[in-house]
Undergrad: 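Below: one structure in structure tokens.
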Amino acid sequence: MNKKEAASLLGHCAAFDNRKPSEAAAMAWAAALHDVPLDQDARAAVAAYYSTPPKDPDARLWILPHHVRTLRSKIRSARLENFQYQPVADETPREYLARYRGQVQAIASGQVDPPPNRLALEGGPSASFMRQLEERGWQGNRTVPDTDEESLADSVRRAGPLGVECPVCSAALGHPCKSGRVTAKFPLGKPLPKPHPARIRQAAGEPQPSADEQAARERRIREASARALARMEAEENIPDAEIVEEAS
């Protein structure tokens, strides 16, 4: 921007703030905006400045060169928000840089209309990819929880046994299983180092044993414990061997 162009811009500013442009002011503005051209964006920057009320209602708006520079850059950057480079086949790095700068300049200056919105990927995943997701337990797109409880449960849901509520001790999602032993330190039960087997089966999607199966399993455990106890008692009751001295 030269002195004549700066004087023209100052005249545009005077329409808003009633300043009295002078030759000295034109020279100062030209020096401060030497690399900023006098274009429609520079004039729009002035209008944008005076379209915004001051923070202090009693303050008087008075635009300065740095306001013009900053607001003009914002106006041009806004046009580039959804910019997508349009390449050509087999372009060299030098051709790419030249085309990239040219496209940016054309859109930033307003010579070419900016894209209306950001480009999005079209189409869906392939059928084979969807099958792989389903094999890994994917059940479709996530839905928005209906209640705050569902939202909280979803936030702590994780893979493995802690991702489900324990059917034995009713341990909540994300919390370890607890024993029935109540102490002063653990009034709700002492946490167990490993989840209950029923919780592991439920997390893995395995069916839970029926009441008869569970009773038979507990009976087998009691019988095995009784046999082990009897064997230990038998070993303890083995009589000491008698020492027989041979006649000389």
Side-chain angles (χ1 to χ4, degrees), residues 1-126 129-130 133 138 140-145 148 151 154-155:
M1 189 178 303
N2 55 36
K3 184 175 71 173
K4 182 178 179 180
E5 293 171 337
S8 176
L9 185 61
L10 280 169
H12 184 62
C13 297
F16 293 94
D17 55 22
N18 296 321
R19 69 179 64 202
K20 304 299 181 182
S22 63
E23 184 176 357
M27 293 179 61
W29 275 56
L33 300 175
H34 64 91
D35 55 346
V36 177
L38 178 62
D39 53 13
Q40 185 59 34
D41 290 338
R43 296 184 176 89
V46 176
Y49 176 81
Y50 286 103
S51 299
T52 305
K55 295 181 180 180
D56 184 1
D58 297 331
R60 180 185 180 186
L61 290 176
W62 193 261
I63 194 169
L64 296 174
H66 70 88
H67 296 134
V68 175
R69 180 186 298 275
T70 301
L71 292 174
R72 181 178 178 273
S73 297
K74 289 183 178 180
I75 292 173
R76 295 169 68 86
S77 296
R79 299 191 184 110
L80 295 170
E81 181 178 1
N82 297 321
F83 169 73
Q84 295 286 338
Y85 174 67
Q86 302 297 327
V88 297
D90 300 329
E91 60 183 352
T92 64
R94 179 172 296 181
E95 292 172 341
Y96 159 75
L97 291 175
R99 284 179 56 84
Y100 177 83
R101 292 167 181 165
Q103 292 180 19
V104 169
Q105 176 63 24
I107 294 178
S109 63
Q111 299 175 3
V112 177
D113 292 336
N117 48 41
R118 188 177 299 276
L119 300 178
L121 296 176
E122 298 179 354
S126 63
F129 179 71
M130 294 298 297
L133 288 180
W138 185 75
N141 293 329
R142 299 282 299 279
T143 57
V144 178
D148 293 339
S151 177
D154 185 71
S155 65

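The structure presented is a predicted model; accordingly, all values stated were derived computationally and were not measured. Heavy atoms only: backbone and side chains are in, while hydrogens, waters and symmetry mates are out.
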Undergrad: Residues two or more places apart in sequence or in another chain: which of them pass side chain to side chain contact (heavy atoms under 4.5 Å, CB included) with Ser51?
TA: none
Undergrad: List for me each residue that meets side chain to side chain contact (heavy atoms under 4.5 Å, CB included) alongside Leu80, sequence neighbours excluded, and say none if there are none.
TA: Phe83, Val104, Ile107, Ala108
Undergrad: State which residues pass side chain to side chain contact (heavy atoms under 4.5 Å, CB included) with Pro57; sequence neighbours excluded, sorted by chain then number.
TA: none
Undergrad: Which pairs count as side chain to side chain donor-acceptor pair (under 3.5 Å) when at least one residue sits in residues 9-20, sequence neighbours excluded?
TA: Asp17-Arg19, Asp17-Tyr50
Undergrad: Quick one: salt bridge (charged side-chain N to carboxylate O under 4.0 Å, His left out) partners of Glu95, sequence neighbours excluded?
TA: none
Undergrad: Please report the shortest heavy-atom distance between Ala6 and Ala26, naming the atom on each side.
TA: CB-O, 3.4 Å
Undergrad: With side chain to side chain donor-acceptor pair (under 3.5 Å) as the rule and sequence neighbours excluded, what pairs involving residues 102-116 come up?
TA: Arg76-Gln105
Undergrad: Applying side-chain contact (heavy atoms from CB on, under 4.5 Å), run through Arg79 and Asp41 and close with a yes or a no.
TA: CA-CA 12 Å; Arg79 299 191 184 110; Asp41 290 338; 2.8 Å; yes
Undergrad: Ignoring hydrogens, what is the shortest heavy-atom contact between Leu9 and Ala42? Give both atom names and the distance.
TA: CD1-O, 4.2 Å
Undergrad: Can you tell me how far CZ of Phe16 sits from CH2 of Trp62, rounded to the nearest 0.5 angstrom?
TA: 13.5 Å
Undergrad: For residues 52-61, which residue pairs qualify under side chain to side chain donor-acceptor pair (under 3.5 Å), counting only residues two or more places apart or in two chains?
TA: none
Undergrad: Please list all pairs passing the salt bridge (charged side-chain N to carboxylate O under 4.0 Å, His left out) test where one or both residues lie in residues 24-34, with sequence neighbours left out.
TA: none
Undergrad: Tell me, do Leu38 and Arg43 make a side-chain contact under 4.5 Å, heavy atoms counted?
TA: yes
Undergrad: Could you give the distance from NE2 (His66) to CG (Leu71), rounded to the nearest 0.5 Å?
TA: 9.5 Å
Undergrad: With sequence neighbours excluded, give me every salt bridge (charged side-chain N to carboxylate O under 4.0 Å, His left out) pair touching residues 83-93.
TA: Glu91-Arg99
Undergrad: Show me the donor-acceptor pairs, under 3.5 Å and distance only, between side chains in residues 28-37 and residues at least two apart or in other chains.
TA:
unit_1 : atom_1 : unit_2 : atom_2 : d
Asp35  : OD1    : Arg69  : NH1    : 3.1
Asp35  : OD1    : Arg69  : NH2    : 3.0
Asp35  : OD2    : Arg69  : NH1    : 3.3

Undergrad: Which atom pair, heavy atoms only, marks the closest approach of Ile63 to Val46?
TA: CD1-CA, 3.8 Å
Undergrad: How long is the gap from SG on Cys13 to CG on Leu64, to the nearest 0.5 Å?
TA: 9.5 Å
Undergrad: With Phe129, which residues qualify under side chain to side chain contact (heavy atoms under 4.5 Å, CB included), at least two apart?
TA: Pro125, Ser126, Leu133
Undergrad: Do the non-hydrogen side-chain atoms of Ile75 and Arg72 ever get within less than 4.5 Å of each other?
TA: no
Undergrad: Among residues at least two apart in sequence or on other chains, which ones pass salt bridge (charged side-chain N to carboxylate O under 4.0 Å, His left out) with Lys3?
TA: Glu23
